[in-house]
Amino acid sequence: MIDPSHLTHRHLPIPGQRIFRSMVAVWLCFAVYFLRGQSGIPFYSVIAALQCLQPYTKEMGKVARKRLVGTLIGAFWGLLTLLLELGLLYDGIPDEWSHFLLLGLFTGIVLYSTVLLKATEASYFSAVVFLSIAVNHIGDANPYLFAFNRMLDTLIGVLIAEIVNRLHLPRLRNTDTLFVSGIGDTILGSDRKLSPYSKVELNRLIEDGARFTVSTSETQATVRELLAGVKLPYPIITMNGAALYKLDTMEYLRTVPMQPEKTARLLAWAEEIGLGYFSNSVEQNLLVVRYKALANEGMAQIFSKKRSSPYRNYVQSKTDPNDDVLYLFVVDTEDKIEQILFDLHCRPWAEEYRIVAEKTEFPGYAGIKIYDAAVSKDAMLEELKQIMGIEKTVTMGSIEGRYDVYIPNADRDLVVKELKKRFEPVSIRGWRNIFRL
């Protein structure tokens with residue numbers, strides 16, 4: 001029977017904070033224009049504000065600086081061009097051809113000056129400001145006043161963007177809690193992708209101090225691919241708890257390899273019944289995936305898709321070292337996997353291993369991951385809590401009763417919404433966080 005809560009429907013997305021903040025910024029730009037006695041051109045304030053409004057505070061600061069530097073450089077050369085043309089070279093307004101030749105020359109000078117000032121990121125803004133002054137306003141009664149107002153309008157827009165982007169509801173910040181989420185069927189949608197909303201909000205919450213990480217059956221290489229663009233500063237639990245990995249330093253902090261004799265027994269069993277498998281180990285801080293042969297189409301497809309990753313190292317080898325093996329990944333058709341599982345569970349030593357059957361992303365093929373019995377996500381989470389010096393945790397996953405927070409439908413961005421609600425609840429006690437620095 002199909003669970004209605006797992007059905008997905010096409011629906012209009014809810015407008016994000018950036019849309020509302022953009023609306024407020026536009027209103028404020030026009031409000032300032034009227035308070036100034038309708039002096040200046042509010043269009044330039046609005047453009048500057050919209051350009052500076054960014055999803056992340058750090059990015060907003062970079063864009064604001066770029067906009068201000070570009071405006072100052074462009075306005076300086078625009079004023080100099082007006083002074084040169086109107087005050088020194090011509091008696092009145094210059095003819096079009098000489099004016100255009102001078103504009104081309106000074107455009108190059110403007111761009112070159114950004115190179116000399118090591119502000120090439122502002123070159124586009126500098127050129128736009130320069131041309132808006134020198135092209136459109138040379139015939140004005142007072143073009144110098146326009147240049148001044150152009151800088152002032154831009155400054156107003158940047159300041160409004162800063163205020164709007166940094167102003168928030170009063171919220172507490174629960175930085176003493178570690179939030180742990182699964183990946184598949186939890187934070188990723190049914191298309192195995194992270195929604196734009198979740199990516200932006202998750203990065204913002206982490207930037208604001210949320211202690212968030214993931215716990216998954218995937219390797220760190222797959223986590224990088226699935227959560228590309230998400231900045232995870234805290235160690236992640238990978239391979240069903242067989243490893244603890246720090247993404248930014250590319251370092252395995254903890255691993256739970258099989259004992260050499262257990263690995264040897266498992267490999268002998270695989271040889272006995274003719275299985276195709278990948279053995280995954282961590283060697284000198286690198287993920288090494290060994291295989292003797294691509295025994296079936298399922299293995300070939302996995303190898304073809306994943307071998308190009310710089311975070312995996314595939315090695316074809318006739319012999320497999322017994323040290324440092326974290327798990328064996330057996331791949332075959334779905335029917336054969338059922339038979340292999342039955343055979344494995346019938347072995348007298350089966351209880352010494354943790355056996356996890358799962359589907360692959362390739363139709364018709366399934367897999368079995370075999371770890372040491374000591375491997376578990378819960379045990380590795382305890383290790384992580386000790387490393388971070390933290391006691392409180394909130395786990396989120398798609399298995400009801402297994403986690404603190406049950407996520408029934410990953411397509412609704414429920415993980416990020418739950419994280420936001422628990423990490424920064426609205427409270428007057430959080431008045432210090434109204435203005436975010």
Side-chain angles (χ1 to χ4, degrees), residues 12-76 78-79 82 121-122 124-137 139-171 196-197 200-201 203-205 207-208 420 424 426-437:
L12 293 175
I14 299 173
Q17 282 198 34
R18 189 176 181 182
I19 293 175
F20 288 111
R21 292 181 185 278
S22 297
M23 292 166 56
V24 172
V26 170
W27 289 331
L28 289 176
C29 286
F30 282 104
V32 171
Y33 167 67
F34 281 104
L35 290 174
R36 292 175 61 201
Q38 300 185 25
S39 175
I41 302 177
F43 169 78
Y44 294 115
S45 298
V46 169
I47 292 300
L50 293 179
Q51 286 177 331
C52 292
L53 282 170
Q54 298 292 318
Y56 313 122
T57 304
K58 291 181 180 178
E59 291 298 320
M60 182 192 66
K62 291 178 183 177
V63 175
R65 285 191 294 272
K66 185 192 304 183
R67 196 75 174 82
L68 286 174
V69 170
T71 299
L72 291 173
I73 294 173
F76 170 79
L79 279 171
L82 294 178
E121 73 281 355
Y124 170 76
F125 296 118
S126 299
V128 168
V129 172
F130 164 74
L131 291 171
S132 69
I133 293 172
V135 173
N136 296 324
H137 296 273
D140 287 2
N142 191 345
Y144 310 111
L145 181 60
F146 169 78
F148 171 77
N149 280 327
R150 179 75 166 85
M151 289 189 290
L152 183 58
D153 290 333
T154 298
L155 180 61
I156 289 170
V158 170
L159 290 176
I160 286 175
E162 285 276 340
I163 293 170
V164 170
N165 223 35
R166 294 180 185 276
L167 203 60
H168 296 267
L169 292 172
R171 293 180 182 272
Y197 168 82
V200 170
E201 278 297 288
N203 277 328
R204 183 191 66 77
L205 290 166
E207 183 182 287
D208 287 345
K420 184 175 180 179
E424 52 175 22
V426 176
S427 172
I428 193 62
R429 290 181 295 154
W431 61 268
R432 292 182 181 87
N433 297 322
I434 289 178
F435 194 76
R436 187 167 294 150
L437 298 175

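Values below: all heavy atoms of this structure, side chains included; hydrogens, waters and symmetry mates excluded.
Atoms CD1 and CG, on Ile41 and Leu152 in that order, are 11.5 Å from each other to the nearest 0.5 Å. Here Tyr33 contributes atom OH and Arg36 contributes atom CZ; the two are 9.0 Å apart, rounded to the nearest 0.5 Å. To the nearest 0.5 Å, atom NZ of residue Lys66 and atom OG of residue Ser126 are 11.0 Å apart. Between the CG atom of Leu28 and the CD1 atom of Ile156 there is a distance of 11.5 Å, given to the nearest 0.5 Å. Interatomic distance, Phe130 CZ to Leu79 CG, rounded to the nearest 0.5 Å: 10.5 Å. Between Phe125 atom CZ and Ile73 atom CD1 the span is 12.0 Å, to the nearest 0.5 Å.
In summary, Arg204 and Glu207 do not engage in a salt bridge, as defined by a charged side-chain N under 4.0 Å from a carboxylate O.
In terms of heavy-atom proximity, Ala48 sits nearest to Thr154 at CB-O, 3.7 Å. Nearest heavy-atom pair across Val69 and Ala122 is CG1-CB, 4.1 Å. What you find for Ala49 and Ala161 is that their closest heavy atoms are O-CB, 3.6 Å.
Using a 4.5 Å cut-off on side-chain heavy atoms (C-beta onward), Val26 and Leu50 make contact.
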Margin query: Let's go through Val24 and Phe20 carefully: what are the C-alpha distance in whole Å and the side-chain angles of both, what is the deciding distance for side-chain contact (heavy atoms from CB on, under 4.5 Å) to 0.1 Å, and is it a yes or a no?
Written below: CA-CA 6 Å; Val24 172; Phe20 288 111; 5.6 Å; no
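Distance alone, capped at 3.5 Å, places no donor-acceptor pair between the Asp153 side chain and the Gly40 backbone.
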